[in-house]
Amino acid sequence: MKKHTKYIIEYENVLEDGVIDDIMKAFDSIRGRKLQKGERNGNRKNYAHYLGMWKNDPYLNYTERKISQYGEYWLGKYREDCPDINYSMMSEYPILENFVYRYYKSGDHYNWHVDKSHTDIQLKISLLLFLNDDFEGGELAFMNDDLKIKPKKGSVVFFPCGPYFLHSSTPILEGNKHVVWNCYGQKATPPDKSYF
């Protein structure tokens with residue numbers, strides 16, 4: 001475990017090379033397919049595929065379930081190693097997830113941004129799982145902590161969502177970068193109107 005800051009924690013070697021190879025084989029089938037509208041724009045110059053969109057593909061569906069299992073395990077470790085984060089979680093509501101495969105080609109980047117939802121789901125914790133490290137550039141940078149994390153194959157980084165954790169992916173100088181991204185969130189069910 002590398003505790004970059006109180007809330008930004010990296011776990012190394014969470015996946016063996018063989019598991020990563022299987023994940024990458026599954027993603028070979030969607031790389032280059034049509035993207036969801038708006039997925040490649042001025043702020044977000046990379047390619048994104050929401051794994052939930054491929055429910056009819058048994059191989060991708062299986063891969064997403066395996067990634068989810070690994071993610072849940074390491075999310076549990078993060079919550080143990082960073083107990084303050086539990087104050088932002090509502091124990092009475094389920095934790096939601098939406099895994100996204102992102103890949104970056106030479107020159108691609110992700111400008112400064114905050115992980116936030118465009119729906120009524122409150123995003124709580126971000127996860128970045130690095131599937132390779134044979135590229136130049138592409139560091140995970142945090143503005144307010146003046147921190148850059150060099151991606152390492154098989155490592156996962158957790159950090160809270162929110163305005164303090166403004167982050168980016170620096171431009172790829174050479175090669176291709178492959179990551180799985182997810183924000184764990186929660187949706188609070190409004191109480192019955194008769195309550196008011």
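In this chain, residues are counted from 1 in sequence order.
- For Ser155, the side-chain hydrogen bond (donor to acceptor under 3.5 Å, both in side chains) partners are Glu10, not counting sequence neighbours.
- By the side-chain hydrogen bond (donor to acceptor under 3.5 Å, both in side chains) test, Thr119 pairs with Ser117, sequence neighbours left out.
- For residues 17-28, the set of pairs meeting the salt bridge (Lys or Arg N to Asp or Glu O under 4.0 Å) definition, not counting sequence neighbours, comprises Asp17-Lys153, Asp28-Arg31.
- Grouping Ile, Leu, Val, Met, Phe, Trp and Tyr by side-chain contacts under 4.5 Å, direct or through others, leaves Tyr59 on its own.
- Listed by first and then second residue, the side chain to side chain donor-acceptor pair (under 3.5 Å) pairs involving residues 142-152 are Asp145-Tyr164 (not counting sequence neighbours).
- Considering only residues two or more places apart in sequence or on other chains, Glu80 meets the side-chain hydrogen bond (donor to acceptor under 3.5 Å, both in side chains) condition with none of them.
- The hydrophobic cluster around Leu96 extends to Ile121, Leu123, counting ILVMFWY residues whose side-chain heavy atoms fall within less than 4.5 Å of a member.
- Rounded to the nearest 0.5 angstrom, Asn182 CG and Ser126 OG are separated by 8.0 Å.
- Checked against side chain to side chain contact (heavy atoms under 4.5 Å, CB included), Lys55 has the following partners two or more places apart in sequence or in another chain: Asn61, Glu64.
- For Phe135, the ring pair (Phe, Tyr, Trp, His ring centres under 6.0 Å) criterion is met by no residue, not counting sequence neighbours.
- Taking the side-chain hydrogen bond (donor to acceptor under 3.5 Å, both in side chains) definition, one finds that Tyr11 meets it with Asp81, sequence neighbours left out.
- Alongside Trp112, the hydrophobic cluster contains Val114, Met143, Leu166 (criterion: ILVMFWY side chains under 4.5 Å).
- Sorted by first then second residue, the side chain to side chain donor-acceptor pair (under 3.5 Å) pairs that include residues 133-142, not counting sequence neighbours, are Asn132-Asp134, Glu139-Thr170.
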